[in-house]
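Note that these values count all heavy atoms, side chains included, but never hydrogens, waters or copies made by symmetry.
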Amino acid sequence: MSDDETDPLQQILAKHETFHARLLREEASTLEGKKRKHGSSSKCTPILMHRKVEQERDNEEVEQVEEKNGFRQKKRRSLPSRDETHLFDFSIENPFDGKLKDLACIRSLIADFPNVIFETPTSYCHYGYPYQKRTVFITTLPTFRPTPPCPKRPCAARQNGFKHGQQVARSSSAQKNSIPNGLVDELVDAWMRRVGKTALQFLIVDVFSGWGSVSQRIQTRHPRVHVFSNDIVDRSNINMTLDMRTFSLGSLLILAASRFWTDEDDLRRQSEHPDGILGWLRDEKIAVLLHISTPCETYSTNALARHRKRGTVEPKTQEAVTADAMNERIVAYLRRGLNFCV
């Protein structure tokens with residue numbers, strides 16, 4: 001590329017730069033206006049204010065009593081949850097016995113969105129892998145309920161009195177960084193159950209695609225789903241090689257949309273939409289699932305002694321500090337997406 005030519009990636013992102021800057025400036029005043037509309041001076045966001053009202057109502061009416069045939073039947077109210085018109089979803093995956101799930105940003109995200117975000121552990125041995133590999137999904141999909149992890153829920157090998165036939169460490173890099181097909185299927189099926197009746201089109205962004213086990217399985221089993229794969233290493237299955245320590249999830253969504261919806265009018269509306277790329281996706285009824293298998297080099301059990309202070313999630317290396325900062329930015333964008341779309 002000559003000095004006179006412009007990088008196409010920078011062209012796409014530059015179209016959105018002015019909007020993103022304006023959005024950040026206007027966010028505080030917009031939020032304050034919504035709080036006044038709700039008649040509250042609280043510092044809670046509108047969605048959290050709504051949830052507070054619902055929870056207070058639940059406290060007042062924890063159970064309704066109905067007389068029927070001489071018996072008193074108790075009916076409990078359910079907690080508030082999203083409906084299928086909210087088309088922004090995500091799934092974070094990392095080792096169950098590691099420390100990512102204990103980051104303050106992750107714990108507060110789960111606590112601030114009860115009955116919207118779910119912490120669901122499982123293990124790969126339940127899905128045909130020869131090793132155990134306990135993992136946890138932090139996701140917005142209420143019907144995603146994989147088999148609980150081994151050994152508390154023994155896999156087939158353990159039920160038959162055998163040990164796991166292999167250790168993760170002895171597997172190839174591609175195998176170690178893959179997710180079983182059956183587990184991918186359950187995740188996508190849960191997503192489709194949630195949004196399938198409302199969405200007109202479907203987009204999955206595989207944020208840390210690695211060797212592409214997730215994206216390749218989805219493309220095979222769900223051909224109508226658009227899959228956009230990103231990884232820092234350029235492999236044959238990768239659409240983009242953005243370093244997520246530098247770029248944002250918003251940048252990935254912009255690039256994904258511009259790849260699959262290339263009509264001139266679509267591209268113009270993507271860059272000019274008053275609510276940004278999330279607003280355009282919402283208006284087009286495009287369901288989004290961000291799959292985030294964030295690197296575990298500083299969070300897994302094998303890495304804790306080097307990267308974390310003993311018994312805590314507190315970092316003690318620059319690599320751990322950098323990883324935490326990246327994941328905090330990722331979580332901040334997920335919060336924004338939930339507050340925008342819930």
Test side chain to side chain donor-acceptor pair (under 3.5 Å) applied to E284 and H273, R269, Q270, Q201, the passing residue: R269
Looking only at side-chain N and O atoms, does S229 offer a donor or acceptor that is under 3.5 Å from a partner on S215? yes
Are F228 and L252 packed together at the side-chain level, in the sense that at least one heavy-atom pair is separated by less than 4.5 angstrom? yes
Please collect all ring pair (Phe, Tyr, Trp, His ring centres under 6.0 Å) contacts where either partner lies in residues 288-332, sequence neighbours excluded, each pair once. none
Identified side chain to side chain contact (heavy atoms under 4.5 Å, CB included) counterpart of V207 within the set V214, I92, L242, L249: L249
Main chain of N94, side chain of T135: is a donor-acceptor contact present, judged purely on distance under 3.5 Å? yes
Heavy atoms of G210 and I238 approach each other most closely as O-CD1, 4.0 Å
If the test is side chain to side chain contact (heavy atoms under 4.5 Å, CB included), which one of I232, N230, N237 qualifies with S209? N237
For E328, all residues meeting salt bridge (Lys or Arg N to Asp or Glu O under 4.0 Å), sequence neighbours excluded: none
With a 4.5 Å cut-off on side-chain heavy atoms, are S91 and I292 touching? no
Can you measure from CG (L255) to CG (N239) and round to the nearest 0.5 angstrom? 10.0 Å
For a quick test of reading the model, state the closest non-hydrogen atom pair linking A111 to P114 and the distance between them. O-CD, 3.4 Å
Can you find a heavy atom in the side chain of M244 that is under 4.5 Å from one in the side chain of P295? no
Should R193 and D189 count as an ion pair when the cut-off is N to O under 4.0 Å? no
R335 versus F113, closest heavy-atom pair with distance: NH1-CE1, 3.8 Å
Between L100 and N327, does the side-chain contact (heavy atoms from CB on, under 4.5 Å) criterion hold? Intermediate values first, please. CA-CA 9 Å; L100 178 76; N327 287 303; 3.8 Å; yes
Does Q175 reach the side chain of W211, with side-chain heavy atoms less than 4.5 Å apart? no
Between the side chains of S123 and R134, does any donor sit under 3.5 Å from an acceptor? no
Rounding to 0.5 Å, atoms CZ (R310) and NZ (K316) come to a distance of 10.0 Å
Restricting to non-hydrogen atoms, name the atom on G337 and the atom on L278 that form the minimum distance, rounded to 0.1 Å. CA-CD1, 4.0 Å
For R259, is there any backbone N or O sitting under 3.5 Å from a side-chain donor or acceptor partner on T262? no
Could you tell me whether K101 and E93 have a side-chain N and a carboxylate O separated by less than 4.0 Å? no
Ring pair (Phe, Tyr, Trp, His ring centres under 6.0 Å) involving Y129 - partner list, sequence neighbours excluded: Y124, Y131
Are any of the side-chain heavy atoms of I106 and D102 separated by less than 4.5 Å? no
Working note: L203 + V225, criterion side-chain contact (heavy atoms from CB on, under 4.5 Å); need CA distance, chi angles, decisive distance, verdict. CA-CA 6 Å; L203 171 64; V225 173; over 6 Å; no
Residue pair P142 / F118, side-chain heavy-atom distance below 4.5 Å: yes
Could you tell me if the side chain of W280 sits less than 4.5 Å from the side chain of D266, heavy atoms only? yes
Check the hydrophobic clustering (I, L, V, M, F, W, Y; side-chain heavy atoms under 4.5 Å; chains of links allowed) and say if L103 and Y333 are grouped together. yes
Please report the interatomic distance CD1(I204) to CD1(I218), rounded to the nearest 0.5 Å. 3.5 Å
State which residues pass salt bridge (Lys or Arg N to Asp or Glu O under 4.0 Å) with D243; sequence neighbours excluded, sorted by chain then number. R245
What I want to check is whether the side chains of D89 and T140 have a donor and an acceptor closer together than 3.5 Å. yes
For T241, check side chain to side chain donor-acceptor pair (under 3.5 Å) against everything at least two apart and list the hits. none
Non-neighbouring partners of F90 that pass ring pair (Phe, Tyr, Trp, His ring centres under 6.0 Å), sequence neighbours left out: none
Counterpart residues, salt bridge (Lys or Arg N to Asp or Glu O under 4.0 Å), relative to D185 (two or more places apart): R217, R221
Check salt bridge (Lys or Arg N to Asp or Glu O under 4.0 Å) between R306 and all other residues, then give those that pass, not counting sequence neighbours. E319
Ring pair (Phe, Tyr, Trp, His ring centres under 6.0 Å) filter on H226, not counting sequence neighbours, yields F260, W261
Give the C-alpha distance, both sets of side-chain angles, the deciding distance and a yes or no for side-chain contact (heavy atoms from CB on, under 4.5 Å) between R336 and L334. CA-CA 5 Å; R336 177 179 163 190; L334 297 179; over 6 Å; no
Rounded to the nearest 0.5 Å, what separates atom NE2 in H222 from atom CH2 in W191? 9.0 Å
With sequence neighbours left out, write down each residue that passes side chain to side chain contact (heavy atoms under 4.5 Å, CB included) with Q318, or none if nothing qualifies. V321, T322
Take atom NZ in K176; do more than 12 heavy atoms of anything else shown fall under 6.0 Å from it? yes
Evaluate the criterion side-chain contact (heavy atoms from CB on, under 4.5 Å) for residue pair I286 and L87; output intermediate values, then yes/no. CA-CA 7 Å; I286 299 171; L87 301 179; over 6 Å; no
Distance, nearest 0.5 Å, that separates CG of L289 from CG of L187: 6.0 Å
Quiz: residues 147-165 side-chain donor-acceptor pairs under 3.5 angstrom, not counting sequence neighbours:
| residue | atom | partner | partner atom | Å |
| --- | --- | --- | --- | --- |
| Q159 | NE2 | P154 | O | 2.8 |
| N160 | ND2 | A156 | O | 3.0 |

Please find the pair of heavy atoms, one from I277 and one from G250, that lie closest to each other, and give the distance. CG2-O, 4.4 Å
Taking NZ, NE, NH1 and NH2 as the nitrogens, is one of them in D324 or R308 under 4.0 Å from a carboxylate oxygen of the other? yes
T198 side chain to V195 backbone, donor-acceptor under 3.5 Å: no
Partners of F144 by ring pair (Phe, Tyr, Trp, His ring centres under 6.0 Å), sequence neighbours excluded? F137
Can you check whether C105's main-chain N or O pairs, donor with acceptor, with S108's side chain at less than 3.5 Å? yes
Hydrophobic cluster membership, I117 vs I330, 4.5 Å side-chain cutoff: yes
Do V288 and L253 come within less than 4.5 Å of each other through their side chains, counting heavy atoms only? yes
Measuring from atom CD of E186 to atom OG1 of T143, what distance do you get when rounded to the nearest 0.5 angstrom? 10.0 Å
When you compare the side chains of D97 and T301, does any donor N or O come within less than 3.5 Å of an acceptor on the partner? no
